[in-house]
Amino acid sequence: MYSRQLSEPPVHIIENGKANFGTYNGVSQRIDIRGMFAPYAGIPVPAFISNLRIKGRLSFIFSTEKLEGFCEFLDFKAFGLSQLTIWEKDSGKKYSYSSFLPTRRRIVPKNTRQGSCTNYKKTRHIRITWGKEHQHHSLAFNLKKNSIYPEIDGFIYSPINDQMHKDLLFVNPSPSSSRCSATWFTTMQIHGVTRINGNKIDDSNGLAAMMLNRSYVKLHSKSTAVYALGNVKGKNLVMQLKSSNLDAADSDNYNDNVLIVDGETTTLPPVYITHPFGINKNWIIQDTENMIDLTFTPESSALKHLNIIVFRTTNTAIYGTFEGTLLDKNGQKINLKNFPGIIYRSMFRL
């Protein structure tokens, strides 16, 4: 059966111009990938130039009794973007808010011990925080109504020392060893309270995952990520699957795919994510190791476009349900039926 070795995390991700590639149980103190030698075409250039091609991304996905949500900050150094989309599970109704962030020294921080990422705009206040040696995470938001969506506010937090807490670090060639992509992936139990126009619509427990990523990007980059969070036969489950044009050439040994069940980690193989009938029809997610065989049925999607001179980005968050089977590291079959999750597609061009 497929597996990848879980090692102790390195003190520094980059040392002497080279990355410490691998999958790690735990996380380094900083997600910092600056300093790689000649990351583009093998041509040595000043570090400040190659560092401009490093993109930061912070994502927070949560699932409570009644709601499913996806929050993301994108850091392009010159500017940033924030997005929060929430779906009501019963009806599939969505509430989607996005905001352009002006130039700041750093939008997405690098410190994994403690930090925060905030959209300070009064009409689009969103804040993700973490601290106390990875034992506490929270998402707070206060979003004013616009011509389409109502006012919505909420607070989601993880208890300290919860049983579902897990920290992992993925450091992958992207796609070759001259460039890298580093991701801090952490799972948690949560409690969330959400209100619409002052009326409480949810006050319940659930699960969440947070991802902090930094990558050397191509001029034209695209990726697809699959997230599933919920409970199966009394067990908490969080799954992440990714596929992109930045994937490592040796994706069997280096990828971000993982399954967490009641705090137990199963590393997963590379996957093929296809939508043969269009993105609003069934998606097929499979691997070559017979560990993943899933169908995703979309219910509601949120599409965001942004064009700024020579920069263009398109992001699509799709809420839906999974059906199919997974295998954990012990060979136990996990059957999913009407299981909530999100597929997120991202494309940007410089």
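Counting begins at 1 with the first residue of the sequence.
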Hey, are the side chains of [X] and [Y] touching, using non-hydrogen atoms and a 4.5 Å cut-off?
X      : Y      : result
Met1   : Asn290 : no
Thr316 : Tyr344 : no
Asn25  : Leu168 : yes
Phe339 : Val232 : yes
Ser223 : Arg345 : no
Leu326 : Lys333 : no
Asp153 : Thr194 : no
Lys200 : Val193 : yes

Taking atom types as modelled, find out whether [X] and [Y] have a side-chain donor-acceptor pair closer than 3.5 angstrom.
X      : Y      : result
Arg4   : Tyr2   : yes
Ser158 : His137 : no
His12  : Asn20  : no
Arg124 : Asn142 : no
Thr295 : Glu323 : no
Asn213 : Ser181 : yes
Glu151 : Asn197 : no
Thr64  : Asp202 : yes

Which heavy atom in [X] sits nearest to a heavy atom in [Y], and how many Å separate them?
X      : Y      : answer
Lys66  : Ser204 : N-OG, 4.4 Å
Leu58  : Cys117 : CD2-CB, 3.5 Å
Leu207 : Met164 : CD2-CG, 3.8 Å
His125 : Tyr120 : ND1-CA, 4.4 Å
Glu68  : Lys89  : OE1-CE, 3.3 Å
Phe60  : Leu139 : CD2-CD2, 3.8 Å

Exercise for review: Take Ile152 and Arg195, measure what side chain to side chain contact (heavy atoms under 4.5 Å, CB included) needs, and give me the verdict at the end.
Suggested key: CA-CA 6 Å; Ile152 184 169; Arg195 292 175 292 268; over 6 Å; no

Same apolar cluster: [X] and [Y], side chain cutoff 4.5 Å:
X      : Y      : result
Met211 : Phe170 : yes
Ile318 : Leu67  : no
Leu74  : Ile343 : no
Phe141 : Ile61  : no
Ile128 : Met188 : yes

Given 3.5 Å as the limit, does a donor-acceptor pair link the side chain of [X] with the main chain of [Y], or not?
X      : Y      : result
Asn111 : Arg113 : yes
Ser28  : Arg30  : no
Lys121 : Ser99  : no
Tyr319 : Phe70  : no
Ser221 : Met347 : no
Thr274 : Pro276 : no
Asn245 : His220 : yes
Asp167 : Thr186 : no
Asn172 : Asp247 : no
Ser174 : Arg179 : no

Check your understanding: Given Ile260 and Phe185, is the side chain to side chain contact (heavy atoms under 4.5 Å, CB included) satisfied, shown in steps?
Key -> CA-CA 11 Å; Ile260 310 290; Phe185 177 79; 4.2 Å; yes

Does a sphere of radius 6.0 Å around [atom1] in [X] hold more than 12 heavy atoms from other residues, nucleotides or ligands, not counting ones at 6.0 Å or beyond?
X      : atom1 : result
Tyr272 : OH    : no
Gln29  : CD    : no
Lys222 : NZ    : no
Asn16  : CG    : no

Point to revise | Centroid-centroid distance, Tyr97 to Tyr95, less than 6.0 Å | key: no

Practice item. Apply side chain to side chain donor-acceptor pair (under 3.5 Å) to the pair Thr321 and Thr297, showing each step before the final yes or no. Key: CA-CA 5 Å; Thr321 56; Thr297 303; 4.7 Å; no

**Study point:** Full working for side chain to side chain donor-acceptor pair (under 3.5 Å) between Thr325 and Asn335
**Key:** CA-CA 5 Å; Thr325 59; Asn335 294 307; 5.3 Å; no

Practice item. Might you work through the side chain to side chain contact (heavy atoms under 4.5 Å, CB included) test for Leu212 and Thr183, ending with a clear yes or no? Key: CA-CA 6 Å; Leu212 196 163; Thr183 302; over 6 Å; no

**Study point:** Candidate list Ile31, Thr23, Thr112, test side chain to side chain contact (heavy atoms under 4.5 Å, CB included), partner Leu169, passing option
**Key:** Ile31

**Study point:** Test applied, side chain to side chain contact (heavy atoms under 4.5 Å, CB included); reference residue, Val271; option that passes from Asn257, Leu294, Thr288
**Key:** Asn257

Check your understanding: In Å and rounded to the nearest 0.5 Å, what is the OG1 to CG distance from Thr313 to Leu81?
Key -> 6.5 Å

Study note, to complete from the structure: One should read off an interatomic distance between Leu143 CG and Leu84 CG, to the nearest 0.5 angstrom, of 5.5 Å

Aromatic plane relationship, [Y] with [X] - under 30° parallel, 30 to 60° tilted, over 60° perpendicular:
X      : Y      : value
Trp184 : Trp130 : perpendicular
Phe155 : Tyr157 : parallel
His275 : Trp283 : tilted

Review point. Stepwise, does the side chain to side chain contact (heavy atoms under 4.5 Å, CB included) test hold for Leu327 with Ile334?
Key: CA-CA 6 Å; Leu327 287 184; Ile334 301 170; over 6 Å; no

Review point. Restricting to pairs with a member in residues 258-267, which pass salt bridge (charged side-chain N to carboxylate O under 4.0 Å, His left out), not counting sequence neighbours?
Key: Glu264-Lys329

Review point. Going by an N to O cut-off under 4.0 Å, is there a salt bridge joining Arg57 and Glu72?
Key: yes

